[in-house]
Each structure stands twice: as structure tokens, then as C-alpha cells.
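Indexing begins at 1, ligand by ligand and atom by atom, following the structure's order. For clarity, every value in this text was computed on a predicted model and none was experimentally measured.
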Amino acid sequence: MRRREESYREVAVDAMEIIIQPDPEHAGDLVAQEIVRLFTEKPTAVLGLATGSSPLPIYRALRRRFEAGEVSFAHGMAFTLDEYVGLPYGHPESYRAVIRREIADHLDLPPESLTTPQPHTDDLDGAAAAYDQAIRDAGGVDFQILGIGENGHIGFNEPGVSLGSRTHVGTLTPSTREANARFFEGDLDQVPTQCITQGLGTIMEARQIVLVATGPRKAEAIAQLVEGGVSQKWPATILQHHPRTTVIVDEEAAAGLELLDHYRASYGAVPTWRAT
Ligand code: GLP
């Protein structure tokens with residue numbers, strides 16, 4: 001069991017950081033650079049991986065940088081956010097399979113250093129609690145990648161979830177199941193109804209969080225996340241209480257933000273993804 005001894009970089013942040021990028025590939029490379037910097041400074045870092053299409057440009061950029069010899073994950077660990085309950089073992093759309101296919105298997109991360117929630121058990125609550133504990137035992141997540149659902153969910157924390165929730169068994173909303181049907185041949189009946197997800201309280205313990213969202217369908221969720229009131233109705237809004245969260249969006253996802261000019265000016269004036 002490994003314990004964190006020091007945080008790789010402490011940066012005082014006065015607000016959620018909003019970065020507008022021209023397209024998903026630029027956003028992905030910016031995040032990959034930060035991850036490379038983290039693992040250079042702290043080779044034993046713990047990475048929090050997310051599924052969905054939003055993180056894919058990050059994973060492509062990370063694979064390129066790994067193949068170019070810029071970074072090693074040999075001494076690192078990774079945890080995923082969530083997992084479907086009810087899919088057969090090894091199903092290609094299980095989040096474990098997706099994360100292995102898109103990123104983990106392409107890096108030098110030892111297979112045993114990737115941990116995902118265990119949905120193949122009669123004791124799902126026990127599996128959820130064990131997952132929460134495993135993250136703690138690893139010393140916590142250093143860098144958590146997040147996407148966001150159109151309804152403001154992070155992980156599978158659907159509207160109404162407790163803002164302090166730990167890893168738990170949850171039920172997917174109809175809109176989330178519809179959004180994810182594209183991964184199941186468009187067939188809603190194949191989309192599971194249950195999941196195990198890190199809770200909001202669990203996610204909030206990550207030392208650094210980067211949420212990526214692109215496209216117009218995410219504009220309302222981003223407006224709520226950044227400028228709305230903190231509410232269970234838009235679960236991602238809890239991140240307003242996190243000391244070190246960066247939101248990376250394209251112009252379309254940023255379209256609903258009232259203080260856009262301020263965010264642009266702030267990032268230009270004090271680039272916290274600072275050249276060091
Ligand atoms: C899924 C995942 C989330 C993800 C969200 C958005 O339901 N559980 O972790 O952020 O959907 O996915 P996408 O990035 O494909 O829009």
C-alpha cells in the first residue's frame with residue numbers, strides 16, 4: 001500500500017479556472033501536457049480516468065507523448081470514475097474495457113495498477129465501499145479528468161445525488177441512458193440502468209481536477225457549473241467548492257457563460273498552466 005508523501009505542486013488558486021480552447025484537440029493536448037508534468041515531478045502519481053467521448057483527445061495526446069518517450073506511468077496508479085452494473089464480464093462497452101482500450105493498454109501502466117469498480121458481485125454496496133477505500137489506500141487521486149453530462153452529472157452522479165456522497169450504487173436517468181445508447185447500437189434496452197460511481201465527496205478529494213467539455217450540447221451544463229448556484233440539481237456545481245479545478249471548453253460549450261470576457265482576460269493575464 002502506498003501513501004502520498006507530498007503533493008507534486010501546490011498552487012494557490014482564487015477561483016475555478018476557465019480555459020477556452022479553439023477545438024477538442026488543443027484542449028486534449030493542454031491536459032496531456034499537465035499530466036506529463038505531473039508524472040515527471042511525481043512518478044508515483046495517481047491518475048483519475050474518465051470515460052465518455054470528451055476525454056478521448058486527452059488520451060490521444062497522452063499516447064503520443066508516451067510513445068515519444070516524454071513520460072512513464074510505470075510507477076503510477078489509475079482509478080476510473082464509474083462502471084455499469086449488469087453487463088456481462090468483459091463486455092466491450094464496460095467502462096473497464098473502454099478505459100483499457102482507449103488509454104491504459106497503450107501506456108506502461110502496470111495492469112494491476114489500474115483499478116475500476118467491481119460490478120460482478122452480489123454485494124454491490126460492499127464493492128462500492130471497497131472502491132472508495134482503495135482510492136484512500138492509494139493516497140488519493142492526484143489528477144482527476146472529468147467530462148460532464150448534459151444534465152450536469154459527473155461520473156454517474158445524477159441530479160439529486162447528495163453533494164457529499166461517497167462511492168455508491170446509482171440509477172441512471174432516462175436522459176443519460178438515451179445519451180449513452182449510441183454506445184449500444186442505439187438500442188436503449190441494452191443500456192444498463194444501474195452503476196457504481198465515485199460519489200461527489202469522493203471526487204472532491206482529488207487534489208487537482210480538470211473537466212473538459214466541448215460542443216453546444218454542453219453549454220447549459222457548463223453555464224450552471226461555472227456560474228449557477230451549487231445544487232444537487234446540477235451535481236457538477238459542487239466543484240465550485242474545490243480549491244483547484246480547471247474547466248476547459250471550446251467556444252460552443254462556453255457560449256452560455258456571462259463572464260466570458262473576464263475568464264479570457266484572467267487566463268491571459270495569469271496563465272496558471274504556467275510555463276514553469
Ligand atoms: C457518461 C459518463 C461521464 C461522462 C458523460 C459525458 O455518462 N459516466 O463520466 O462525463 O457521460 O460523456 P461525453 O463526454 O461522451 O459527452
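Between R60 and E25 a salt bridge is recorded (basic side-chain N to carboxylate O distance below 4.0 Å). Taking a cutoff of 4.0 Å between a charged side-chain nitrogen and a carboxylate oxygen, K233 and E158 do not qualify as a salt bridge. Taking 4.0 Å as the cut-off between side-chain N and carboxylate O, D132 and R136 count as a salt-bridged pair.
When hydrogens are left out, the protein atom nearest atom 14 (O) of ligand 1 is S54 OG, 2.6 Å; that is the closest non-hydrogen contact. The protein non-hydrogen atom at the shortest distance from atom 7 (O) of ligand 1 is F156 CE2, 3.0 Å. In terms of protein heavy atoms, atom 9 (O) of ligand 1 is closest to G155 O, 3.6 Å. Closest protein heavy atom to atom 4 (C) of ligand 1: T51 O, 4.0 Å. Given atom 6 (C) of ligand 1, the protein heavy atom at minimum distance is I148 O, 3.5 Å. For atom 12 (O) of ligand 1, the nearest non-hydrogen atom of the protein is G52 CA, 3.8 Å. For atom 2 (C) of ligand 1, the closest heavy atom belonging to the protein is Y95 OH, 3.7 Å.
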Go through the steps to decide whether Q144 and Q208 satisfy the test side-chain hydrogen bond (donor to acceptor under 3.5 Å, both in side chains), and finish with yes or no. CA-CA 6 Å; Q144 178 65 56; Q208 180 176 7; over 6 Å; no
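Close approach of ligand 1 to K218 is summarised as follows: ligand atoms under 4.0 Å from at least one heavy atom of the residue are 13 (P), 14 (O), 16 (O). For ligand 1 and H153, the ligand atoms under 4.0 Å from any heavy atom of the residue are 1 (C), 3 (C), 5 (C), 7 (O), 11 (O). The G147 neighbourhood of ligand 1 comprises atoms 10 (O), with distances under 4.0 Å to a heavy atom of that residue.
For the pair T176 and ligand 1, the shortest N or O to N or O distance does not fall below 3.5 Å. For ligand 1, the polar-atom distance check finds no N/O of P55 at less than 3.5 Å from any of the ligand's N/O atoms.
In this structure, F73 and F66 have tilted ring planes: the angle between them lies in the 30° to 60° band. Ring orientation note: the planes of Y84 and Y95 are tilted relative to one another, at an angle of 30° to 60°.
R100 CZ: 12 or fewer foreign heavy atoms inside a 6.0 Å radius.
Across the listed options L56, D82, L146, L172, D82 owns the non-hydrogen atom lying nearest to atom 8 (N) of ligand 1.
Separation of atoms OG (S175) and CD (E150) is listed at 7.5 Å; rounding is to 0.5 Å.
For the pair Q194 and L172, the minimum side-chain heavy-atom distance is 4.5 Å or more.
Within the 4.0 Å heavy-atom cutoff, R182 counts among the residues contacting ligand 1.
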